Number of protein chains: 2
Amino acid sequence: MKAKVYVTIKQNVLDPQGQAVQGSLHTMGFAEVDKVRIGKYLELELDTNDRAEAEARVKVMCEKLLANTVVEDYRFELEG
Amino acid sequence: MKAKVYVTIKQNVLDPQGQAVQGSLHTMGFAEVDKVRIGKYLELELDTNDRAEAEARVKVMCEKLLANTVVEDYRFELEG
């Protein structure tokens with residue numbers, strides 16, 4: 001089974017990396033870019049076929065390691 | 001219009017960050033995690049309503065700045 005995890009910075013938290021990329025895009029002539037937010041995208045391969053258990057365990061992985069829930073949100077999808 | 005961009009490390013390229021996360025997950029007791037690959041997830045807000053033009057321009061942004069196409073793949077979706 002595969003888990004696709006998206007970790008994003010919370011709406012009210014500053015994203016200096018995103019601002020830097022936006023600035024670079026403007027410099028390069030992409031004036032239409034109003035805002036850039038940068039997060040993480042993780043793919044996990046899981047050796048299990050129990051979807052319910054996988055869902056519960058990936059949630060714990062996100063809470064404990066993959067996301068910093070003080071400043072980040074996460075969501076994930078299971079495939080296969 | 002919003003663009004969601006996914007930048008992933010190519011299949012044959014080593015991902016030391018992913019390996020480190022996998023090692024940490026194993027240490028934490030998540031033995032079912034066979035493989036971890038870490039990429040980037042970007043959200044761009046674009047001040048345009050021309051979908052075809054947005055698609056062409058986001059492609060150029062990816063090729064020129066957002067992804068290093070030597071070692072990374074990218075894909076994106078447009079919304080709105």
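Lettering follows sequence order; numbering is per chain, from 1. Keep in mind it's a predicted model, so treat the numbers as computed, not measured.
By the rule that hydrophobic residues join a cluster once side-chain heavy atoms approach within less than 4.5 Å of another member, B:L78 and B:L66 end up as members of one cluster. Tracing side-chain contacts under 4.5 Å through hydrophobic residues (I, L, V, M, F, W, Y), one never reaches B:L14 starting from B:I9; they form parts of separate clusters. A:V7 and A:V58 fall within a single hydrophobic cluster, where Ile, Leu, Val, Met, Phe, Trp and Tyr are joined by side-chain heavy atoms under 4.5 Å apart, directly or via other members.
In this structure, the portion of B:M28 lying under 4.5 Å from any heavy atom of chain A is its side chain and not its backbone. Both the backbone and the side chain of B:F30 come within contact range of chain A, each with at least one heavy atom under 4.5 Å from a heavy atom of that chain.
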Stepwise side chain to side chain contact (heavy atoms under 4.5 Å, CB included) check, B:Y41 with A:I38: CA-CA 6 Å; B:Y41 167 67; A:I38 302 186; over 6 Å; no

Give the intermediate values and the outcome of side chain to side chain contact (heavy atoms under 4.5 Å, CB included) for residues A:V33 and B:L46. CA-CA 5 Å; A:V33 182; B:L46 306 173; 3.8 Å; yes

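Among A:R57, A:K64, A:R37, the residue making the largest number of heavy-atom pairs under 4.5 Å with chain B is A:R57. With respect to chain B, the highest number of heavy-atom pairs below 4.5 Å among A:T8, A:V36, A:D47, A:V60 belongs to A:D47.
Two residues are said to be in side-chain contact when any heavy atoms from C-beta on lie closer than 4.5 Å; B:L44 and A:V21 fail this criterion. The shortest distance between side-chain heavy atoms of A:K40 and B:K40 does not fall below 4.5 Å. Here the side chains of A:L25 and B:L65 are in contact, with some heavy-atom distance below 4.5 Å.
Here the straight-line distance linking atom CG of A:D34 with atom CE of B:M1 works out to 12.5 Å at 0.5 Å rounding. For the atom pair CD (B:Q22) and CG (A:L42), the distance works out to 12.0 Å, reported to the nearest 0.5 Å.
Remark: B:K10 NZ is packed, more than 12 non-hydrogen atoms of other residues, nucleotides or ligands lying under 6.0 Å away.
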